[in-house]
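Inspection log for the structure reproduced underneath, given as structure tokens.
Protein chains get the first letters and strands the later ones, always in sequence-line order, with residue 1 at the start of each. None of the values given here were measured: they were computed from a predicted structure.
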Amino acid sequence: MGGRKVDYSPGVIEPKWQQYWEEQGFYKTVEDGKKKYYLLEMFPYPSGKLHMGHMRVYSIGDVLARFLTMRGYNVLHPMGWDAFGLPAENAAIERQVHPAKWTYENIAAMKKQQKALGISYDWEREVTTCAPDYYKWTQWLFLLFYERKLAYKKKAAVNWCPQCATVLANEQVEEGGCWRCGEIVAVKDLEQWFFKITDYAERLLADLRLLEGWPERVRVMQENWIGKSEGAEIRFPVKGKELELPVFTTRPDTLYGVTSLVLAAEHPLLDKLFTGTEQEAAVRSFVAQTRKLSEVARSSTEMPKEGVFTGAACINPVNGEEVPILVGNYVLMGYGTGAVMGVPAHDQRDFEFAKEYDLPIRIVISPPDYSLSAAEMTEAYLAQGVLVNSAHFSGMASEKAGQAIIAYLQEKGWGHGKTTYRLRDWLISRQRYWGAPIPIIYCDDCGMLPVPEQDLPVLLPEDVVFKAGGQSPLEQHPAFLHVKCPRCGRDARRETDTMDTFICSSWYFFRYTDPKNAEQAFAREKSDAWLPVEQYIGGIEHAILHLLYARFFTKVLHDAGMTRAVEPFSRLLAQGMVNKDGAKMSKSKGNVVSPDEIIKKYGADTGRLFILFAAPPEKDLDWNDRGVEGCYRFLKRVWRLVERYGDIVQAADVKAAAPDEAALALRRAFHLALKKVTDDIEQRFNFNTAISAVMEAVNAAYGYINEKEANLDRAVLAEVLEILALTLAPFAPHLGEEMWARLGKKTSVHLQAWPEYDAAVLQVENVEIVVQVNGKVRGRLIIPAGLDATAMQDRALRDERVAQAVAGQQVLKAIVVPDKLVNLVVR
RNA sequence: GCGAGAGUGGUGGAACGGCAGACACGCUAGACUCAGGAUCUAGUGGGCAUUACGCCUGUGGGGGUUCAAAUCCCCCCUCUCGCACCA
């Protein structure tokens with residue numbers, strides 16, 4: 001091959017095409033008659049630099065966006081910035097740079113990187129949550145929640161992160177530490193804002209059924225987090241006092257086995273029980289001791305169960321028995337009623353507790369096949385069974401008895417059936433500056449008032465001073481703080497707390513559908529035209545937090561008549577992490593690879609290809625520099641094909657003589673690859689096997705060229721190179737485009753229709769089948785395709801090796817899979 | 001402890017119940033080269049053979065179903081993730 005050849009230079013072709021796409025406005029989405037597809041990747045926090053996790057999620061999204069566009073869908077593929085949050089404020093404290101400046105600079109830097117990756121976003125729909133024209137509507141939505149009685153303020157024991165100097169939602173506490181900085185979370189009694197997500201607990205749980213396109217594990221995690229349990233609330237009157245202690249139990253069938261009542265150390269009625277008794281000192285010291293322990297230590301299973309008698313007793317309503325009341329370290333105030341009925345025989349915790357404090361163990365459930373003996377039990381009997389020692393309920397099966405006892409309690413007015421959730425209300429206020437201000441005003445005369453809609457947004461003042469560890473700067477900003485009461489006009493003051501940033505990200509996917517609307521958060525007809533998101537892609541770390549909140553928001557907006565959608569995301573792809581050397585990439589380990597480096601060294605196409613090729617999207621991926629080299633090598637191989645044959649095929653006479661056997665085989669290889677790529681993207685998101693199919697086809701092309709060097713079929717070569725450019729376009733968009741141009745095409749490869757494979761080309765005259773004897777492979781033979789079972793069996797038996805293996809034995813049975821296999825069962 | 005998922009060459013990973021290891025990395029040999037960390041060709045699970053390119057074995061371990069199991073069922077082991085005194 002003579003002539004001057006140009007090397008594959010991604011550094012030249014990538015910026016060229018990126019500029020072209022931008023100038024042509026290819027990726028602008030307009031509503032048209034085509035079938036819509038809303039494709040969304042979780043928007044990033046603008047930390048300043050893309051990391052490999054970002055690169056992975058955007059690469060996955062972009063393959064789908066480009067593929068679906070070629071498939072004829074009208075694709076909405078937007079990008080934006082989850083731009084409020086603590087890091088900006090920390091940067092402000094450390095470096096005296098304003099959070100806004102820091103954030104917008106980061107956005108610019110990351111956007112540049114995204115563009116360098118060649119991702120096909122519609123940048124005209126970009127949303128930035130810290131921009132006033134966005135947070136105006138975040139505030140408006142807060143007021144909507146407020147009106148609908150879904151936003152309320154209360155004093156409660158809340159999680160406080162001393163490091164971040166703010167409170168946290170339950171979902172943001174991980175193993176007792178702050179989700180952001182890991183600092184041990186303290187419990188404080190504070191007046192805070194909450195969203196009443198518990199009102200939606202049942203629907204959030206029930207509608208998980210609708211999310212068939214979500215990974216099972218994410219649904220399970222949400223299910224566990226919501227933590228529904230059904231049972232009964234039973235009120236135990238306190239002996240000698242005008243008091244009742246309600247308890248929640250999931251096992252009302254064990255009610256006759258109660259031998260104690262155990263309260264949490266924080267129980268509000270505790271004081272009234274022990275004050276004045278001789279137990280007072282002991283209880284006080286126990287309570288003090290327990291409350292001193294950290295939340296982590298207290299909720300550990302390892303913690304020995306301890307408690308102390310309060311001096312008081314209560315009456316089991318169903319049998320009138322007197323039952324001692326204790327305080328126990330294993331009872332949590334945050335769940336149920338903060339009090340439990342102790343049934344040692346049938347609850348492991350109560351059993352351990354009873355053993356420690358010599359409380360009686362009374363068996364009330366009998367297993368079906370043996371009988372229990374209280375003295376010999378080494379652990380509680382938890383399973384269901386038949387009731388014993390339970391008055392007129394004796395003899396009933398657990399489940400039925402539970403229902404009967406609930407009915408009985410209800411009739412007598414002692415209790416009722418109850419469903420409890422683990423889910424708590426969402427604590428949304430934060431004592432920080434860089435967030436959307438909560439639009440509330442406090443007036444000494446009129447009380448708490450919402451900011452009138454026409455006064456939105458409540459702007460964050462820019463001239464603020466940042467100091468480490470201190471209060472929110474908003475509290476020291478008189479111009480922000482002082483405001484006239486919207487009702488009486490007298491001096492009033494603003495709420496200085498801002499909103500949890502998870503609120504901003506709970507509705508951004510609505511705003512994308514109508515990003516510039518100055519009149520409302522989004523127009524219903526626009527959002528209804530696009531939502532729900534067909535495919536959402538993001539990290540598993542958001543399995544609970546963001547995904548639960550976004551679902552909650554969608555349901556509230558639905559109830560408010562703002563959207564048709566009841567669930568925001570039809571399908572969810574939880575992509576795996578990007579590791580290196582088997583460990584998470586981190587600065588401290590020194591194993592960080594940045595997208596920038598990769599783009600610089602190999603180009604965006606190589607980086608994208610590797611990240612898609614190295615593992616299926618939902619699995620963790622181990623970054624491997626050698627593997628990247630391999631993908632680079634592959635693209636160079638592709639490049640050389642076009643470089644050498646691009647001109648030749650343009651001159652091809654398409655009506656050339658009928659292709660020979662080798663050329664037909666080449667066509668077949670490419671149509672087969674096309675079929676596989678189509679199926680792998682469309683049905684399974686298995687980009688790794690899709691890419692390997694293209695690689696196989698390219699290998700076949702090299703094989704053909706080596707074999708037929710002097711006598712190439714130009715028409716076939718032209719056809720397969722076109723298929724190659726088209727199938728590669730979603731994965732390596734720049735090279736695909738460059739190839740397409742070099743094949744003499746005038747309009748962008750990304751505007752082409754995805755090619756259909758030709759089933760007739762896949763037809764083969766002969767197929768190779770496997771012949772097994774007793775399940776072991778004993779021969780392979782080439783036979784005409786479509787042969788019937790008898791004929792296949794005949795051919796198999798005529799094969800020399802097979803005949804040898806069968807010799808002297810009787811064929812009992814033959815299993816024939818057409819065009820594939822014959823298995824002879826002999827003896 | 002509970003729940004979910006996963007265990008396949010030296011490595012990443014492929015295999016509608018039907019040829020295990022596609023594709024790629026790495027490695028070996030050769031070709032072209034002043035040279036190659038470029039490119040091309042061939043080989044590459046393990047063992048035994050190698051005049052026949054054939055035999056045996058092999059998907060964490062053990063059982064089972066089936067003509068046929070990496071794939072389905074049961075038991076066990078290991079790892080990852082999530083939840084974890086939730087009454």
Side-chain angles (χ1 to χ4, degrees), chain A residues 7 174-175 215-225 227-229 231-232 247-251 254 262 264 298-305 328-332 334-343 346-350 352-353 420-423 540-541 543-544 574 576-577 582 609-610 613-616 618-631 633-634 636-637 640 676 679 686 688-699 702-703 705-706 768-780 801 812-817 820-826:
Chain A
D7 285 343
E174 293 170 353
E175 289 176 15
E216 168 85 11
R217 59 178 171 148
V218 176
R219 290 193 311 219
V220 169
M221 279 162 79
Q222 293 215 352
E223 199 179 316
N224 291 341
W225 188 262
K228 179 179 181 174
S229 34
V247 304
F248 174 72
T249 179
T250 53
R251 291 295 298 273
T254 64
V262 191
R298 265 185 85 174
S299 61
S300 160
T301 335
E302 311 297 310
M303 189 81 187
K305 284 163 189 55
N329 61 355
Y330 69 101
V331 180
L332 309 171
Y335 185 80
T337 61
V340 300
M341 57 184 219
V343 186
H346 306 293
D347 181 287
Q348 187 57 26
R349 294 154 304 185
D350 295 341
E352 288 167 34
F353 193 67
T420 298
Y421 299 89
R422 206 185 78 113
L423 183 72
I540 187 75
E541 67 273 19
I544 292 172
M577 293 195 303
L609 197 71
F610 171 72
F613 178 64
E618 68 280 1
K619 286 186 74 171
D620 286 352
L621 178 158
D622 204 63
W623 188 270
N624 177 315
D625 294 331
R626 301 263 201 194
V628 184
E629 291 275 358
C631 286
R633 208 176 295 165
F634 168 68
K636 282 195 287 188
R637 255 162 94 76
R640 281 194 305 273
K676 178 123 175 79
D679 291 347
N686 278 9
N688 55 334
T689 50
I691 292 166
S692 76
V694 181
M695 288 174 168
E696 279 182 81
V698 168
N699 290 344
Y702 271 86
I705 287 164
N706 286 332
E768 189 188 60
I769 65 159
V770 169
V771 183
Q772 297 178 332
V773 177
N774 287 343
K776 295 200 173 188
V777 181
R778 290 296 180 230
R780 289 154 215 273
R801 273 184 62 212
L812 300 176
K813 195 173 168 189
I815 286 95
V816 178
V817 183
K820 260 194 184 158
L821 166 141
V822 176
N823 187 12
L824 302 167
V825 185
V826 303

Between B/G1 and B/C73, how far is it from one P atom to the other, in whole Å? 24 Å
Send over the distance from A/D622 CG to B/G26 P, rounded to a whole Å. 15 Å
P spacing across the pair B/C83 / B/G12, given as an integer number of angstrom: 27 Å
Min side-chain heavy-atom separation A/Q772-A/I815 under 4.5 Å: no
Has A/K636 got a side-chain N or O lying under 4.0 Å from the OP1 or OP2 atom of B/U39? yes
When we call it a touch if two heavy atoms are under 4.0 Å apart, what does A/G227 touch: a base, just sugar-phosphate, or nothing? nothing
Got a minute to check which stems RNA chain B is part of, using Watson-Crick or G-U wobble pairs under 3.5 Å, three or more consecutive? B:1-7 with B:77-83, B:10-12 with B:23-25, B:26-31 with B:39-44, B:45-48 with B:54-57, B:60-64 with B:72-76
To the side chain of A/M695, which of B/A24, B/C56, B/A87 is closest? B/A24
To the side chain of A/Y702, which of B/C25, B/U41, B/A87 is closest? B/U41
Checking B/A87, B/C23, B/A15 against the side chain of A/T689 (C-beta onward), the nearest is B/A15
What's A/R219 touching, base or sugar-phosphate or nothing? Going by heavy atoms closer than 4.0 Å. nothing
For A/R217, answer base if it contacts any base atom (sugar-phosphate contacts may also be present), sugar-phosphate if it contacts only those atoms, and nothing otherwise; contact means non-hydrogen atoms under 4.0 Å. sugar-phosphate
When the P atoms of B/A15 and B/G7 are considered, how many whole Å apart are they? 12 Å
Using atom P in both nucleotides, what's the gap between B/G46 and B/G21 to the nearest angstrom? 13 Å
Would you mind calling B/G9 syn or anti? Take O4'-C1'-N9-C4 for purines or O4'-C1'-N1-C2 for pyrimidines, and syn is within 90° of 0. syn
With no angle test and no hydrogens, is the base of B/C67 tied to the side chain of A/N823 by a donor-acceptor pair under 3.5 Å? yes
Would you mind telling me which of B/U41, B/G18, B/G3 lies closest to the side-chain atoms of A/I815? B/G18
NA contact type, A/Q772, heavy-atom cut-off 4.0 Å: base, sugar-phosphate, or nothing? base
Establish, with yes or no, whether the OP1 or OP2 oxygen of B/C40 is under 4.0 angstrom from a side-chain nitrogen or oxygen of A/N706. no
Tell me whether A/R219 is salt-bridged to A/E216, with the criterion being a basic N under 4.0 Å from an acidic carboxylate O. yes
In whole Å, what separates the P atom of B/G13 from that of B/A6? 14 Å
Does a donor on one side chain sit under 3.5 Å from an acceptor on the other, for A/N224 and A/R422? no
A/N688 side chain N/O closer than 4.0 Å to the phosphate oxygens (OP1, OP2) of B/G12? no
Reckon A/D620 touches a base, only the sugar-phosphate, or nothing at all at heavy-atom distances under 4.0 Å? sugar-phosphate
For B/A31 and B/C79, measure between their P atoms and round to the nearest Å. 50 Å
Rounded to the nearest angstrom, tell me the gap between atom NZ in A/K619 and atom C1' in B/A14. 11 Å
Tell me which nucleotide among B/C55, B/C83, B/G18 gets nearest to the side chain of A/R422. B/C83
Touch class at under 4.0 angstrom, heavy-atom based, for A/K228 against every strand present: nothing
Who pairs with A/R251 by salt bridge (Lys or Arg N to Asp or Glu O under 4.0 Å), at least two apart in sequence or on another chain? A/D253
Looking only at atom C1', what distance separates B/C77 and B/G63, rounded to whole Å? 15 Å
Counting only side-chain N and O atoms of A/N699, is one of them less than 4.0 Å from OP1 or OP2 of B/A24? yes
Taking B/G37 as the reference, what is the distance to B/C27 when you measure between their C1' atoms (whole Å, please)? 15 Å
Would you kindly give the CG-to-C1' distance between A/N224 and B/C81, to the nearest whole Å? 13 Å
